[in-house]
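What follows is a set of notes on a single structure, which appears directly below.
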Amino acid sequence: MKAIVAVLPGDGIGPEVTTEAVQVLEAVGQRFGHEFQFSYGLLGGCAIDAAGNPLPAETVMLCQASDAVLLGAVGGPKWDDPTASMRPEQGLLGIRRVLGLYANLRPVKLVPALLHASTLKPEVLAGVDLLVVRELTGGVYFGPRKEATPDDQVAYDTMLYSRPEIERVTRLAAQAARERRGRLASVDKANVLASSRLWRRVVTELMRAEFPDVALEHVLVDAMAMHLIRRPAAYDVVLAENLFGDILTDEASMLAGSMGLLPSASLGEELNPHGQPRGLYEPIHGSAPDIAGRGVANPLATILSAAMLLRHSLGLEAEAQAVEAAVDAVLAAGLRTPDIADGAVEVVGTAAMGAAVVERL
Ligand code: IPM
Ligand code: MG
């Protein structure tokens, strides 16, 4: 197969981790006989510096002309001035929005080799295998907003959802549940928020009508924050609106051992020429400016995001599994980046970790 992948390295450790993921994709191409072409674009802080815009029009065009997008991370102290008119994060939210990527899939699976490195007890972590589906283009991230002015010192953000927005992401989550263990936990705050009451009603109605075979439960977001630590193995697919999903997935990343391990896929309705969703793939972690440029960042979340790219945007399931198996093998062999180094056999940097995955492939 021939495929075009847009690569948006972004800021901080973004370029370091995407370099490794591209090398893994190149190795997959060689081993399985595919031709992947990579085209690079600017997003986030580096785009503000170079083009005066966190999401330049060329970057949007580049993504639209590709089969899938691989993204590193955006942001950093250089662009953190709260009074600045442009923020790197606007680039990230903007590209999700213009590509119509309403569903963000964040799988969280226990890595057996890291069981004893976790801050949680092994018996709590045993059997953890969940998929968080986060709504990505609605809610309080995109609702009407007002910044405070020096005069009024009043600000607000609005959590706004419509029935179709809730329906499409619920459908995608329920479909995933059907292909997994057949259970869906929908997260909301229906005891307080109007948008959550609509969320709960729409999810209930849609599931009854279209997915009677999938077991549905509603969980309040504060309770879910607790359950994820107390009995994480009890969940299969967890569906949440944008902000709740953002918060819960940072929490859930600790179930896998590190933020540096969690990949994500953002999908929408638009299909690429392969007849698959033109997705965007990124680690759930940020740009980690504190360790940027030092060659110590963990590239595995981005490498695993590349595996999701192979699976969801190119339909290359065997190739995706080969990458995941290579990552498992490297971890089982005892290789660790510093973020997961507790009691490690061999602590390595970003490039050596990437090279080890390539070698296993
Ligand atoms: C994430 C990140 C982003 C988000 C930030 C960087 C805007 O935290 O992908 O989870 O909040 O969506
Ligand atoms: Mg986040």
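Every number for a ligand or one of its atoms is a count from 1 in the order of the listing.
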Problem set entry | Distance, nearest 0.5 Å, that separates CG of Leu172 from CD of Glu269 | 9.5 Å
For this session: Quick one: pull up CZ in Arg171 and CE in Met207 and give me the separation to the nearest 0.5 Å.
Result: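 These two atoms lie 11.0 Å from each other.
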For this session: Anything under 30° is parallel, anything over 60° is perpendicular, the rest tilted; go ahead and classify Trp199 against Tyr161.
Result: perpendicular
For this session: Kindly indicate whether the side chain of Asp188, heavy atoms from C-beta on, has any atom under 4.5 Å from the side chain of Val219.
Result: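 Result no, sub-4.5 Å side-chain heavy-atom pair not found.
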Exercise. Within less than 2.8 Å of the Mg ion (ligand 2), how many protein N/O/S atoms are there?
Worked result: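 Protein N, O or S neighbours of the Mg ion (ligand 2) under 2.8 Å, waters not counted, come to 1.
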For this session: Using the ring of Tyr141 (Phe, Tyr or Trp, six-membered ring only), decide whether Arg134 places NZ or CZ under 6.0 Å from its centre and within 45 degrees of its axis.
Result: yes
Exercise. Would Arg178 count as a cation-pi partner of Phe211, with NZ or CZ less than 6.0 Å from the six-membered ring centre and within 45° of the ring normal?
Worked result: no
Problem set entry | Any donor-acceptor pair under 3.5 Å from Asp157 side chain to Val140 backbone |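 No; judged by distance alone, with no hydrogens or angles, the pair does not exist.
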Exercise. Do Arg87 and Glu89 sit within salt-bridge range, that is, some charged N less than 4.0 Å from a carboxylate O?
Worked result: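 Yes, charged N to carboxylate O under 4.0 Å.
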Give me the pairs of N or O atoms, one from ligand 1 and one from the protein, that sit under 3.5 Å apart.
residue  : atom   : partner : partner atom : Å
ligand 1 : 8 (O)  : Asp246  : OD1          : 3.3
ligand 1 : 9 (O)  : Arg96   : NH2          : 2.7
ligand 1 : 9 (O)  : Arg106  : NH2          : 3.0
ligand 1 : 10 (O) : Arg106  : NH1          : 3.3
ligand 1 : 10 (O) : Arg106  : NH2          : 3.1
ligand 1 : 10 (O) : Arg134  : NH1          : 3.3
ligand 1 : 10 (O) : Asp246  : OD1          : 2.9
ligand 1 : 11 (O) : Tyr141  : OH           : 2.5
ligand 1 : 12 (O) : Arg96   : NH1          : 2.8
ligand 1 : 12 (O) : Arg134  : NH1          : 3.2
ligand 1 : 12 (O) : Arg134  : NH2          : 2.8

For this session: Can you spot which of Gln276, His34, Met1, Glu319 makes a side-chain contact (heavy atoms from CB on, under 4.5 Å) with Leu314?
Result: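 One option only clears the test, and that one is Met1.
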